[in-house]
Protein chains: 2
Amino acid sequence: MPKRIGLPADLVRNLVAARHARQWSQRDLAERAGLPQAHISAIETGKVAPRFDTLIDLARVLGFDLLLVPRALVPAVQSLIRDSRRSGDGEADEGERPLYADEP
Amino acid sequence: MPKRIGLPADLVRNLVAARHARQWSQRDLAERAGLPQAHISAIETGKVAPRFDTLIDLARVLGFDLLLVPRALVPAVQSLIRDSRRSGDGEADEGERPLYADEP
DNA sequence: GGAATTGATCTAATAAAGCATATCAACCCG
DNA sequence: CGGGTTGATATGCTTTATTAGATCAATTCC
């Protein structure tokens with residue numbers, strides 16, 4: 001067990017998954033988010049607890065947002081996300097990439 | 001315009017609103033979250049960009065969670081929260097207080 | 001084999017959060 | 001008026017994120 005002082009494991013997993021889905025290396029992400037690659041690595045391996053605004057930057061370039069949701073609604077929101085991942089591809093909602101794409 | 005270096009304004013508004021809904025003073029919240037009152041004030045006035053884990057602590061004692069949601073789904077999630085605020089009071093979901101209560 | 005990429009690690013320095021504590025103006029209430 | 005509460009602010013100090021830069025093992029590709 002490596003020592004985790006940083007973000008919750010599942011949150012990190014989602015971030016890493018999103019990065020992989022875009023086929024970005026840590027250096028790619030670092031450049032777009034304006035952070036050093038070493039810092040990305042530290043965050044993804046749970047060695048630091050980043051500032052909230054740092055995390056916002058990361059999430060933003062990956063097409064995410066950080067939302068404050070009432071605990072009672074968490075399951076609902078999670079399944080909403082899960083569902084949209086399954087079938088909701090042809091959204092053309094904003095100027096953002098589909099995400100969740102495994103194969104291009 | 002005071003200088004905001006901290007959290008997004010709407011997120012702060014939600015935190016403050018939640019605290020007010022519970023009728024908690026900054027000192028009440030500080031005690032429960034294990035933070036100094038001065039720090040709560042600094043966060044709520046946007047003078048600091050708290051660490052992620054600090055924000056998690058705050059959100060937790062206020063009955064919230066921080067979720068990473070795809071940008072395309074943000075409006076849906078927000079309206080989901082808004083709707084449940086209107087009619088969804090008698091949930092008795094978990095061991096948590098109803099929240100969003102204006103008058104006791 | 002050699003070049004290039006990827007992710008982790010190190011050093012060293014700076015900036016900023018975090019903590020403890022105290023103070024202060026504004027307010028309400030008896 | 002005097003006392004209590006609330007939120008903002010100040011100081012001094014410790015801890016930690018953040019940065020720039022380089023390096024390194026493992027992997028992939030030619």
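The sequence lines fix the lettering, A, B, ..., with proteins before strands; numbering per chain opens at 1.
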Counting primed atoms, P, OP1 and OP2 as sugar-phosphate and everything else as base, the B/S/- map of nucleotides 12-21 of chain D against protein heavy atoms under 4.0 Å is ----SSSS-B

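A salt bridge does not link Asp10(B) with Arg13(B): none of the charged nitrogens is closer than 4.0 Å to a carboxylate oxygen.
The phosphate of dA8(D) (OP1 or OP2) has a side-chain N or O of Gln26(B) nearer than 4.0 angstrom. Between dG7(D) and Arg19(B), a contact under 4.0 Å exists linking OP1 or OP2 to a side-chain N or O. For dT6(D), one of the phosphate oxygens OP1 or OP2 lies less than 4.0 angstrom from a side-chain nitrogen or oxygen of Ser25(B).
Counting to the nearest Å, the C1' atom of dT5(D) and the CD atom of Gln23(B) are 14 Å from each other.
In 5' to 3' order, the nucleotides of DNA chain C bounding all contacts with chain A (an atom under 4.0 Å from a heavy atom) are dT6(C) to dA17(C).
No side-chain donor-acceptor contact under 3.5 Å links Ser79(A) to the backbone of Arg82(A). Checking side-chain atoms of Arg51(A) against main-chain N and O of Val48(B) turns up no donor-acceptor pair under 3.5 Å. Between the side chain of Arg32(B) and the backbone N or O of Leu62(B), no donor-acceptor pair lies under 3.5 Å. Judged by distance alone, with hydrogens and angles left aside, the side-chain atoms of Arg19(A) form a donor-acceptor pair with the main-chain N or O of Trp24(A) at under 3.5 Å.
With 3.5 Å as the limit, one finds no donor-acceptor pair spanning the side chains of Thr54(B) and Asp57(B).
Within a 6.0 Å radius of CD in Glu31(B), no more than 12 heavy atoms belonging to other residues, nucleotides or ligands are found.
For the residue pair Phe64(A) and Pro70(B), the shortest heavy atom distance occurs at CD2-N, 3.5 Å. Between Val69(B) and Val77(B), the closest heavy-atom pair is CG2-CG2, 4.0 Å.
Taking five base pairs at each end of the helix from dG1(C)-dC30(D) to dG30(C)-dC1(D) and finding the rotation axis that steps the C1' atoms of four pairs onto the next four gives two axes whose angle is 40°, to the nearest 10°.
Side-chain atoms of Leu15(B) and Glu44(B), non-hydrogen and from C-beta on, never get closer than 4.5 Å to each other.
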